[in-house]
Structures are given as C-alpha cells and as structure tokens.
Protein chains: 2
Amino acid sequence: MSKAEKRSEIVHAALELIAENGFHGAPMAMIAERANVGAGTIYRYFENKDVLINGLCQDLEERMYPVILTGYSADSPLRDRFLHLGAALLRYFIGNPLDFRFLEQFHNSPYGVEHRRDKILGKNAGYNVFRELFQAGVSRQVMKDLPLVILFALAFGPLLAVARDHILNFITLDDDLIARTVEASWDGIRN
Amino acid sequence: MSKAEKRSEIVHAALELIAENGFHGAPMAMIAERANVGAGTIYRYFENKDVLINGLCQDLEERMYPVILTGYSADSPLRDRFLHLGAALLRYFIGNPLDFRFLEQFHNSPYGVEHRRDKILGKNAGYNVFRELFQAGVSRQVMKDLPLVILFALAFGPLLAVARDHILNFITLDDDLIARTVEASWDGIRN
DNA sequence: CTATACGGAATGAACGTTCATTCCTGTTAT
DNA sequence: ATAACAGGAATGAACGTTCATTCCGTATAG
C-alpha cells in the first residue's frame, strides 16, 4: 500500500467511525483496526487526534465544494442560483450520508464552534459563494433585509434538518420533495 | 439540605456542565463537586449517568412547555398561533441558554436520536401542540402540502439555528429581530 | 547476480490519565 | 443503639499517546 493510499485509508476509517458512532465511538485503536494499520502508524501521518479530525473536515470541504458548484452559474437569476445550491447541497448530503453525519458531529463539538467562529467573524472570510449570493440578494432587495447570519439560518436550517431526517429514516426524500423543500426555504428568505 | 433540594442541585449542576462543556466535559466527579455532594451520593438519586441525563431532558421539557404555552390560544388564526409559539420558543432559548445548549448536546447524541425516533414514529405521539397546529394548517390549506416532518424542519430549523447563533454571540437578537425571523420562517411554511 | 548493510516506515504492547461506578467508613436522625 | 444516608477514596475499564522493536525496500560490496 502506498503512502498516499494509507493516509486515505486512515482518513476514511476515521470518517466512517465518527459518522456512525460519534466522537466517543471512534477511539484511535478502532480507527487503526478498520484502516488495517497499527495504532502507532496513524501518528506518522497525523500529529494527534485533533489534527486528524481537523484534517478530515478540510478534506471533506474540498471534496464537497466542486460537486455543489458543478453547473452553478454566477450569472443566473438569484432565485435560480439559490435553488441550484440548495438542491445540490441536499443531494450531496443524501448521497453521502457519512459526510453529512461527520459534519454534524464536527459542528456540534468544540472543534466545530471554533471553525465556524473563524468563518463568520474571522480572517479567511475570503471568497465564499454563499456569502456573495446572499449579499447580492439583500442589496438588490430580492431577499429580506435581515442580517446575513439570519438569512443563512433561514436558508440552511431547514435543509440540514431535512437531510438529518432523511438519513435517520424519518422520511424519504425524492427529487420532487427535494425541489419543493428548497423552494419552501427560498420562500423564507425572499422578499 | 433536604432530599429534594439535593436532587435538584445535582440536576442543575449536571445541566450546567453539560451545557457549558458538552458530555465530555461533565464527568460525574465534576457534577458532584459543583452540586456540593459526594461522587457516590449521585448514585443514591440516579441509577447511573444515562438515567440522570434522560431525567434531565424530561425535567427540562416539563419546565419549558408551560412557559411556551402561556398566552397560547388554540382558537386564534393559525398564523398567530405559529408566530406565538415560534417567538415564545426563541425567547425561551435566548433567556435560558443553558437549557438550549443542553438540548442541543442531547439531540446530537445517541440518547437524543432514540428520544426523537420515539416522538416521531413512536407510541407516545400523544397530545402535541405543534403536531396539532401543523396538521390543521395542512388540512385547511393554509400551509404547504408537505409531509409533517418537512414542515417541522422548515419552521424550527431556522429558529434553532438563530438561537444557536445568538448564544454563540454571532448575532444579538432583540424583540424586533425575533419577530421578523419568526415571520420569515412562517413564510417558509405558509401557502 | 547474490549477499550484506542500512534506514525509514510500521507496529502493538505498555504507560499514564480519566472516567463511571462501587464500597466502605463516618455521620446523622430516630 | 440502630438504621438510613452521605461522602470520597478505591477500582477497573477505556482512552490517547509513546517508544523499543521489527519489517522491508533499496543501496552497496563482493
């Protein structure tokens, strides 16, 4: 097994275990076992568990962004752009439940809060499709004149909640239901 | 200290610690210390940690419901009823951040998922103001014709998200902002 | 071409720490 | 005096992390 493969085995095993059992249910020994490596080997690739977990999150975002942005045109009407992003996000989560469950675990942990604080208040507020879309929406008065944070909550709160419900089998989302849900969440933010 | 007082000290300490530091950051020894009791004493009141935590959740719901339902009239128009419940919920969470943080921790843990599964699919689907309100909304065509679970997500997803953002100091909610947020989430579900 | 030596990578047993839970001692109330 | 209770030290299981050792591919010597 090459070095890169081994690293990715470790990352994949960790993601799987954390998604399935939460942070509690993913001790290093178990990650090592599932990745078919020795317990110590992990520490050749990651300084410690914190670094592994933060790395996981970064890897994940890098995999997710391109998928969501496929077919996204910054020139379309705002409504279309929102519907595209919302549906793409929802489909991604449904198609990659492990990624979704990991992100949920991550965001409800000390790691996640710090991560989000940086994103909202922090330096690397850099380029961000979502922020750009919402700022345009507000300034063109297509969206409600509410703080960005609240618009985010109105838009993505429902989407994350239905993704969770689908993955926990409380409901089964098909393409029609996805579309109607995203449209409903658009109704929440549009003027 | 009376027996009932001691029990409530333990419950309060546990809620505080779990809310502040998550489940990881609330070992029994620390709960005992904050409650000014011995570590073993807790086990005279609760069989084990699981029982303590589930008890916490039940206590909390019993404290929350009356507050939210104060001034609620089942005869008002559906829109008013929703606005009342939404604003009351949001205000409760903002005024009782520890309760909110605990509920979040709880719902993102194995305990919480089981608890919710029971509530949605389970037996004790018994009386529930929210369910009743939404069923009425759908059947009178005041709300979108979507599965109940999705309407819940559309309505409460945003409210929980903004409550979280307020408590984490990403935004400061005042009465005006609360009202406008609840109205926006109503736009998401109404026809 | 084969045999030997080398060095980085992998290993997993062992360590120190932390936790939930138990147990025994001392205290209080009757 | 006795029973019920409270306390916190003791216990053992589980965890993240370390480190002495083994393994293996490659370079070097014969």
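Just so it is clear: chains get the letters A, B, ... in the order the sequence lines come, proteins before strands, and each one is counted from 1.
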Under the side-chain contact (heavy atoms from CB on, under 4.5 Å) test, which residues partner Ala136(B), sequence neighbours left out?
Leu78(B), Arg140(B)

Roughly, in whole Å, what's the span from [atom1] in [X] to [atom2] in [N]?
X	N	atom1	atom2	result
Arg7(B)	dC5(D)	CZ	P	15 Å
Arg44(A)	dC23(D)	CZ	C1'	13 Å
Lys6(A)	dG25(D)	NZ	P	11 Å
Glu33(B)	dA6(D)	CD	P	19 Å
Ile42(B)	dC19(C)	CD1	P	13 Å
Tyr43(B)	dT22(C)	OH	C1'	9 Å
His24(A)	dC19(C)	NE2	C1'	13 Å
Ile31(B)	dC19(C)	CD1	C1'	11 Å

If you look only at distance, which donor and acceptor atoms sit under 3.5 Å apart when one is on a side chain in residues 156-170 of chain B and the other is two or more places apart or in another chain?
unit_1, atom_1, unit_2, atom_2, d
Arg164(B), NH1, Glu104(B), OE2, 2.3
Asp165(B), OD1, Arg116(A), NH2, 2.2
His166(B), ND1, Leu173(B), N, 2.9

Side chains of [X] and [Y], heavy atoms from C-beta outward: is any pair under 4.5 Å?
X	Y	result
Leu177(B)	Asp174(B)	yes
Val142(A)	Pro77(A)	no
Ile53(A)	Ile18(A)	yes
His12(A)	Arg34(A)	no

Protein-nucleotides 24-30 of chain C N/O pairs closer than 3.5 Å?
none

Measure from the ring center of His115(B) to the ring center of Phe106(B) and say whether it is less than 6.0 Å.
yes

Could you tell me whether Lys144(A) and Glu183(B) have a side-chain N and a carboxylate O separated by less than 4.0 Å?
no

Whether Arg131(B) side chain and Leu148(B) backbone form a donor-acceptor pair below 3.5 Å
no

Measure from the side-chain N and O atoms of His84(B) to the backbone N and O of Leu69(B), and report whether any donor-acceptor pair falls under 3.5 Å.
no

Short of 4.0 Å, heavy atom to strand atom, which residues of residues 46-53 of chain A count as contacting DNA chain D?
Asn48(A), Lys49(A)

Could you go over nucleotides 12-18 of chain C and give all protein N or O partners under 3.5 Å, atom names and distances?
unit_1, atom_1, unit_2, atom_2, d
dG12(C), N7, Gly40(A), N, 3.1

Donor-acceptor pairs are to be reported for all side-chain atoms of residues 91-100 of chain A against protein atoms at under 3.5 Å, with residues two or more places apart or in another chain.
unit_1, atom_1, unit_2, atom_2, d
Tyr92(A), OH, Asp99(A), OD2, 2.6
Asn96(A), ND2, Tyr92(A), O, 2.9
Asp99(A), OD2, Arg63(A), NH1, 3.1

Answer yes or no: does a side-chain N or O of Tyr45(B) lie under 4.0 Å from OP1 or OP2 of dA6(D)?
yes

